[in-house]
There are 2 protein chains.
Amino acid sequence: MPDKTYTISALAKEFGITTRTIRFYEEKSMISPMREGQKRLYSPADRARIKLILRGKRIGMTLQESVDVIDMYDPEHNNADQLHALINVVKQRRENLRQQKKDIDDMLAGLDEVQSLCEQALATGTTDNPTLTPNPNPNKADRKPL
Amino acid sequence: MPDKTYTISALAKEFGITTRTIRFYEEKSMISPMREGQKRLYSPADRARIKLILRGKRIGMTLQESVDVIDMYDPEHNNADQLHALINVVKQRRENLRQQKKDIDDMLAGLDEVQSLCEQALATGTTDNPTLTPNPNPNKADRKPL
DNA sequence: ACTTAAGTTTACGTTAACGTAAACGTCAAT
DNA sequence: ATTGACGTTTACGTTAACGTAAACTTAAGT
């Protein structure tokens, strides 16, 4: 059954997005589902595209960037000139991802630290809050150390 | 010399952002540099904040989310109640990051594949572009397989 | 004294990525 | 036949994250 299809709401539910979002992606020519009469019918390929888009979003790519990545799989752009350009894009993208992984690891290290501080503060029962901070919203102009 | 300071343009240059961006962060109370007369003067702590903000951005966090992370380092919010809440936030954030790393690894695997395809296509000299695609901008309504 | 560089505030403009609502079609079930 | 559940198009609204420009001020160099 290699020609399975999906309804718009099924995909929306599966991916935790709204139907509006899916139609929006279509407006942007990121997907082009078939029609059965008036209804949209999504192929596994369409579904895969959405998956790539969402994956891209999670790591901070714009929709256009996701499209660029998806287009890499598109045999249309495969003349020799563009293939070299594409390889460079891949290289660049790879470098971005490497940086992102470093950022994430740094963040995780930071979280470790924060968590330690929390647990430590809880253990020693250090509740230091003398004035009960009566100031509801002091414009937040007062920042703290680090 | 633990009280080094930075000018706005120095930081802008260092981080590859504009001064407008830095002032924008200040508008949002994300940083609060001192003033020397009218000029802003940034402390190492301010600089660290900007670093965290930019790191967050690179992995797709919103500015507010970055602020949330930064606030974890802020001893102000440390009463016992909030400490537990904070630990949960940390936990959740950790899970997000784990997912992001997976996304990145998946992307990297995809890039490997694309690159292989490129090099393979170049090797065999498969230049298939028969009609020279005369169509300037066919509304892009025609999508491709995957 | 003049220019140049860097900084300032205020305000309006812009782009991406949807949300929300109106107004309507379709089909199965009661 | 009507009520939902689900779908559709069209269009205007919204938020985040700045960009851009105007119209200064201040400090430093020549």
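Just so it is clear: chains get the letters A, B, ... in the order the sequence lines come, proteins before strands, and each one is counted from 1.
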For this session: Specify the residue among A:Lys39 and A:Lys28 whose closest nucleotide of DNA chain C lies further upstream toward the 5′ end.
Result: A:Lys28

Exercise. Does B:Arg98 pair with B:Glu95 as a salt bridge, N-O distance under 4.0 Å?
Worked result: yes

For this session: Could you tell me whether the side chain of B:Asp46 and the main chain of B:Ser43 form a donor-acceptor pair under 3.5 Å?
Result: yes

Problem set entry | Close side-chain approach of A:Arg35 and A:Arg40, heavy atoms under 4.5 Å | yes

Can you give each donor-acceptor pair under 3.5 Å made by side-chain atoms of residues 7-18 of chain B, sequence neighbours left out, with the distance rounded to 0.1 Å?
| residue | atom | partner | partner atom | Å |
| --- | --- | --- | --- | --- |
| B:Thr7 | OG1 | B:Ser9 | N | 3.4 |
| B:Thr7 | OG1 | B:Ser9 | OG | 3.3 |
| B:Thr7 | OG1 | B:Ala10 | N | 3.0 |
| B:Glu14 | OE1 | B:Arg47 | NE | 3.2 |
| B:Glu14 | OE2 | B:Arg47 | NE | 3.1 |
| B:Glu14 | OE2 | B:Arg47 | NH2 | 2.7 |
| B:Thr18 | OG1 | B:Arg20 | N | 3.4 |
| B:Thr18 | OG1 | B:Thr21 | N | 3.1 |
| B:Thr18 | OG1 | B:Thr21 | OG1 | 3.0 |

For this session: With heavy atoms under 4.0 Å as the rule, sort A:Thr19 into base, sugar-phosphate or nothing.
Result: nothing

Problem set entry | Value in whole Å for how far the P atom of D:dG7 lies from CZ of A:Arg23 | 8 Å

For this session: Would you mind telling me which residue lines up with the more 5' stretch of DNA chain D, B:Met61 or B:Gln38, judged by nearest nucleotide?
Result: B:Met61

Scan the side chains in residues 85-94 of chain B for donor-acceptor partners under 3.5 Å anywhere in the protein, sequence neighbours excluded, and list what turns up.
| residue | atom | partner | partner atom | Å |
| --- | --- | --- | --- | --- |
| B:Arg94 | NH1 | A:Asp112 | OD1 | 2.8 |
| B:Arg94 | NH2 | A:Asp112 | OD1 | 3.3 |
| B:Arg94 | NH2 | A:Gln115 | OE1 | 2.7 |

For this session: May I have the distance from A:Glu27 (atom CD) to D:dT8 (atom C1'), rounded to whole angstrom?
Result: 13 Å

Exercise. Going 5' to 3' along DNA chain C, which nucleotides are the first and last within contact of chain B (any atom under 4.0 Å from a heavy atom)?
Worked result: C:dA6 to C:dA11

Exercise. Whole Å only: how far is the CZ atom of A:Arg20 from the P atom of D:dG7?
Worked result: 15 Å

Exercise. Just by modelled atom types, is the B:Ile59 backbone N or O under 3.5 Å from a matching donor or acceptor in the B:Gln100 side chain?
Worked result: yes

